[in-house]
Amino acid sequence: MGRICWVAVQAAASYILVACDAFVTPPVNNAQRIHNKPCDGSLPRVAYPFLYSAVMAEGVDDDLELRESSSPTKAIQALIDDGRLDDAVEMLKQAANDDCEILLGEKIFHKTLKSISESHARNARDMVDELINVVVDAGCRPDAEMYNTAIGIWSRSYEDGSSEICLEYLDDMWSHYEETGDEKFVPWRSSYISSIVALSRGRNRAGRENAEKAEFLLEEMERMRSKFPKLSPNTLTVNSVLNVWSKSRVRQGAAHRSVQILERMIKLGEDRHELRPDTTSFNTVIDTLAKSKESERERRAEVLLERMEELYAEDPSWNCYPDQVSFNAVINCWAQSRQKGSARRATAILRHMVKRHESGTSRIAPDSATYTTVINAWSRSRDYDAVERAEEVLASCEESFRYGNVLAKPNTLTYNSMINCYSKSKAPDADQKAMAILEEMKEKCKDEEFGDCHPDVVTYTSVIDTLAKQRGNPSAAEKAESLLNELLEAHKENPDDIRLIPNVRTYTSVINAIGRSGANPEKAEKILREIESLASEGNKAVTPDVVCYNAVLNAYGWSNQKGKAEKCYNLLQHMIEVSGSGTNRLACPDIITANSVLNACNFDDADTEEGRKRIVSIVVDTLEIFQKAMPRYGYPDSGTYTQVLFALSRQMPFDEKLFEMAEATFWQCCQAGHVNARVVSALEKALPWDRFSKTMGSALKSGRGEKAAYDLDLFPQTWTRHTRSKRQQGGAKSRASRKRDRGFKVTTRSLSKLAARESGNNSVS
């Protein structure tokens with residue numbers, strides 16, 4: 001109570017002092033106030049009576065001695081020390097209206113900005129903008145130190161537009177310098193570096209434009225360095241530019257440009273040591289190569305690794321000794337490659353690391369990430385011995401850890417990569433080996449030393465994927481369901497462990513396992529309905545997507561259940577309904593959906609004539625749905641027309657109606673450019689020999705009663721434009737292809753049908 005009264009008395013007294021001062025003393029302008037300031041450099045307290053009362057009322061500690069203070073600078077500093085940055089900014093805004101120049105001279109703006117930067121407050125950017133605008137509105141100029149702090153704060157932001165604000169601040173500094181000639185407004189090197197960093201952040205970091213802006217800033221520093229040596233770019237500056245290129249998501253050209261910048265660093269670094277590339281420089285460029293789609297990126301990355309070793313060996317002052325990141329990045333380049341022998345090359349680099357470390361010529365030893373990346377390379381390889389080689393890498397990893405390399409301790413990612421390798425293999429015992437690794441992980445994670453080997457949702461999903469590859473094996477489906485239940489139970493026991501939350505990928509793998517067992521497709525549909533219910537209750541992680549729905553369609557298509565065509569058609573209608581209404585846009589059908597429904601129609605066995613007619617009706621309706629919805633549901637492909645032709649030939653009597661529908665389907669396929677050998681084989685089964693030979697024309701190379709032989713190169717190019725090889729599609733026509741149109745002959749009846757189909761409705765009738 002006494003404190004409040006004291007504040008009130010102080011406020012009243014201050015008010016009286018102001019009134020008396022205004023009455024006795026003639027008004028003075030701002031210049032006179034500055035000239036007549038107290039000799040200790042403080043500002044007259046009388047100018048801020050109510051502000052001081054407000055500060056005191058907020059409860060600043062008595063030991064701050066604000067009662068005796070006559071300077072807002074000390075009060076603002078007290079607020080900063082007390083962590084009340086918002087109040088400090090507010091007080092600065094009020095004080096700056098009359099005394100901005102004095103406050104700038106006392107560096108209180110700079111101290112406030114620095115405190116805001118160190119606080120990492122959520123509203124830091126807003127407070128920074130307020131202070132900069134306060135100074136500008138008061139007719140003063142923020143100096144480079146203030147702008148530098150502001151740019152540093154904005155450069156840490158991931159908001160869109162942060163880089164533009166940093167660039168605006170840079171322009172403001174140069175404008176102030178041009179107007180005054182005072183070098184205190186010249187940007188700092190760190191101002192440029194922070195602006196370049198800002199270009200690599202936020203959602204707008206993607207694109208060539210930001211990378212080119214970063215290069216422009218680098219070139220501007222290089223131009224200005226003769227006049228302002230403090231602006232001379234250094235290694236950190238160029239590394240920031242390289243990082244912008246690395247994060248630009250430019251797949252063609254970013255790596256090439258990064259290599260050019262690196263080569264320039266090496267050339268200039270011979271005389272200018274501050275520009276010499278370091279390990280980070282090389283690692284960033286290698287990472288850009290790994291992300292790119294440029295040719296020979298793997299070999300170029302390996303050349304850079306060799307260059308690092310050469311430069312450091314010649315002169316250790318080149319601080320570019322390859323570290324684990326360097327080797328792992330190059331290995332990752334090879335792991336991502338589709339070139340033949342890429343996995344073997346990744347393994348060779350791993351062995352090179354091991355030999356160098358064991359011989360004592362290098363202090364860099366492979367870590368778990370190194371081994372994991374090599375295993376991933378083998379999982380992507382098509383080599384016949386991929387599984388055996390991956391197993392050797394895993395064994396080497398475990399052995400290295402046993403012999404003292406603590407960095408090589410295998411973790412969940414390592415074992416998941418090995419299981420993924422099994423899931424992609426065709427080894428008959430792949431499921432057993434995957435299950436064995438899962439059991440090993442469950443045992444190891446009980447030991448605190450191997451706590452990071454705990455099986456997660458990826459582990460279980462990968463093992464289930466391996467089980468799903470066992471076709472016609474009902475026990476594999478049962479094991480998959482058992483693993484799903486085990487994962488659900490583990491998550492129930494540890495609800496806060498996000499690593500154990502099943503997702504739609506997990507459920508889809510179980511559905512695939514059930515489908516490939518060839519039995520009980522209703523169980524697959526039941527799982528689908530369960531996750532639909534969970535998704536409607538808010539569990540978005542299990543929202544079924546089109547892949548999940550297609551897995552259920554395939555479960556019916558691969559089964560021997562009668563009536564599966566109707567089941568699949570009903571599920572297709574359900575997908576159209578939920579995706580069209582916005583309930584689940586992820587359920588939007590694709591062309592695989594159409595082919596799965598048609599496949600079910602193809603192999604459905606109806607006992608009655610009405611049942612077969614219904615199947616034919618489903619075939620026609622499905623094709624029409626996807627033709628009318630193009631391109632929303634994709635475009636019918638060669639598989640679509642093949643399934644239609646096979647389904648018609650199996651479900652319809654061998655009569656004129658079948659012949660007409662088969663020919664109409666074939667001409668639609670010709671228009672779409674999807675004619676291939678399978679389409680022709682399906683057409684052969686749907687037509688009598690005479691009509692088939694007339695339709696094929698001179699492309700048919702066999703006679704009646706012989707095994708059908710035909711030359712697809714004699715078809716018009718437009719008929720096969722989507723099924724020809726890349727070699728045939730690109731470049732100039734070969735001599736054979738130039739003769740193609742002249743060599744093809746077709747009956748007048750066929751041509752008239754094609755013309756009619758081109759001008760009429762595309763649907764099967």
Side-chain angles (χ1 to χ4, degrees), residues 117 143-145 147-152 154-156 163 166-167 169-170 173-174 177 183-201 210-248 254-289 303-323 325-326 329 364:
S117 176
D143 60 15
E145 183 179 350
Y147 277 120
N148 184 66
T149 307
I151 290 174
W154 274 103
S155 70
R156 296 198 298 263
S163 60
C166 293
L167 297 179
Y169 283 158
L170 276 179
M173 282 188 274
W174 283 117
Y177 170 74
E183 290 193 8
K184 72 176 183 180
F185 298 113
V186 175
W188 296 2
R189 178 194 290 158
S190 56
S191 305
Y192 275 91
I193 293 175
S194 296
S195 299
I196 294 170
V197 170
L199 289 166
S200 68
R201 296 189 172 183
N210 278 8
E212 291 174 347
K213 287 180 181 178
E215 279 201 54
F216 174 81
L217 294 178
L218 177 61
E219 292 168 0
E220 187 172 73
M221 294 177 70
E222 187 69 13
R223 289 196 305 270
M224 294 293 183
R225 78 182 186 89
S226 58
K227 186 174 183 181
F228 305 105
K230 66 179 182 179
L231 280 181
S232 180
N234 58 7
T235 302
L236 179 59
T237 313
V238 186
N239 286 354
S240 301
V241 175
L242 292 173
N243 189 49
V244 179
W245 274 114
S246 179
K247 294 183 177 180
S248 67
H256 177 72
R257 186 59 189 144
S258 296
V259 172
Q260 287 181 329
I261 295 172
L262 181 63
E263 292 294 342
R264 187 182 177 193
M265 289 181 74
I266 295 172
K267 183 176 180 180
L268 294 177
E270 294 176 358
D271 299 322
R272 295 165 57 184
H273 287 201
E274 75 278 4
L275 265 180
R276 286 185 171 183
D278 58 7
T279 302
T280 302
S281 310
F282 280 93
N283 290 351
T284 305
V285 177
I286 293 172
D287 180 62
T288 308
L289 282 165
V303 167
L304 289 179
L305 181 63
E306 294 172 355
R307 189 79 175 275
M308 294 174 74
E309 294 178 331
E310 291 172 0
L311 287 172
Y312 186 82
E314 292 174 1
D315 184 358
S317 65
W318 289 80
N319 188 25
C320 58
Y321 189 80
D323 58 8
V325 176
S326 311
I364 304 301

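Note that the numbering runs from 1 along the sequence shown for the chain. Remember, predicted model here, so these are calculated numbers, not experimental data.
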Quick check: closest heavy atoms across Ile266 and Pro277, and the distance to 0.1 Å? CG1-CG, 3.7 Å
To the nearest 0.5 Å, atom CG of Leu304 lies from atom CZ of Phe282 at 6.5 Å
Side chains of Leu275 and Asn234: does their closest heavy-atom pair fall under 4.5 Å? no
I'd like to check Met308 versus Tyr321 (side-chain heavy atoms, cut-off strictly below 4.5 Å). Are they in contact? no
Check whether any side-chain heavy atom of Ser258 lies under 4.5 Å from a side-chain heavy atom of Thr284, and answer yes or no. no
Taken to the nearest 0.5 Å, the spacing of Cys166 SG from Arg201 CZ works out to 10.0 Å
For Ile196 against Val244, the heavy-atom pair lying closest together: O-CG2, 3.4 Å
From Thr280 atom OG1 to Asn243 atom CG, the distance as rounded to the nearest 0.5 Å: 10.0 Å
Nearest heavy-atom contact between Arg189 and Ser232 is NE-O, 2.9 Å
Modelled atom types, side-chain donor and acceptor of Asn239 and Ser281, under 3.5 Å: yes
How close do Gly269 and Arg276 get, heavy atom to heavy atom, and via which atoms? O-NE, 2.8 Å
Taking the side chain as C-beta and beyond, is there a heavy-atom pair between Arg307 and Glu310 under 4.5 Å? yes
Between Leu217 and Leu199, does a side chain to side chain contact (heavy atoms under 4.5 Å, CB included) hold up when you go through it step by step? CA-CA 11 Å; Leu217 294 178; Leu199 289 166; 4.3 Å; yes
Any chance the side chains of Glu145 and Trp188 put a donor and an acceptor closer than 3.5 Å? no
Is Lys267 close to Glu263 at the side-chain level, that is, under 4.5 Å between some pair of heavy atoms? no
Got a sec, which residues hit ring-ring contact (aromatic ring centres under 6.0 Å, His included) with Phe228, two or more places apart in sequence or on another chain? Trp174, Tyr177
Using the side chain to side chain contact (heavy atoms under 4.5 Å, CB included) rule, take Met173 and Ile151 through it: C-alpha gap first, then chi angles, then the decisive distance, then the call. CA-CA 11 Å; Met173 282 188 274; Ile151 290 174; 3.7 Å; yes
Go through Glu215 and Glu220 one step at a time and tell me if the side chain to side chain contact (heavy atoms under 4.5 Å, CB included) criterion holds. CA-CA 9 Å; Glu215 279 201 54; Glu220 187 172 73; over 6 Å; no
To the nearest 0.5 Å, what is the distance between CD1 on Ile286 and OG on Ser246? 11.0 Å
Closest heavy-atom pair, Val186 versus Lys230, reported as atoms and distance to 0.1 Å, is O-NZ, 3.7 Å
Are side-chain heavy atoms of Lys247 and Leu242 found at a separation under 4.5 Å? no
Say whether, by atom type as modelled, one donor and one acceptor occur between the side chain of Asn148 and the main chain of Ser191 under 3.5 angstrom. yes
If you round to the nearest 0.5 Å, how far is OG of Ser163 from CG of Asn210? 5.5 Å
Test item: Thr235 side-chain N/O and Glu274 main-chain N/O as donor-acceptor pair under 3.5 Å: yes
Could you walk me through whether Thr279 and Asp323 pass the side chain to side chain donor-acceptor pair (under 3.5 Å) test, one step at a time? CA-CA 7 Å; Thr279 302; Asp323 58 8; 5.3 Å; no
Taking the six-membered ring of Tyr192 as reference, does the cationic atom of Arg223 (NZ for Lys, CZ for Arg) lie under 6.0 Å from its centre and within 45° of its axis? no
Mind listing the closest non-hydrogen atom pair of Leu167 and Ser195 along with its distance? CD2-CB, 4.3 Å
For residues Tyr169 and Tyr147, determine if any side-chain heavy atom of one lies less than 4.5 Å from a side-chain heavy atom of the other. yes
Checking Ser155 side chain against Gly152 main chain: does a donor-acceptor pair fall under 3.5 Å? yes
Please enumerate all residues that pass side-chain contact (heavy atoms from CB on, under 4.5 Å) together with Asp271, with sequence neighbours excluded. none
With heavy-atom distances below 4.5 Å as the criterion, would you say the side chains of Pro322 and Ile364 are in contact? no
Check: Asn283/Ser326 side-chain N/O donor and acceptor closer than 3.5 Å: yes
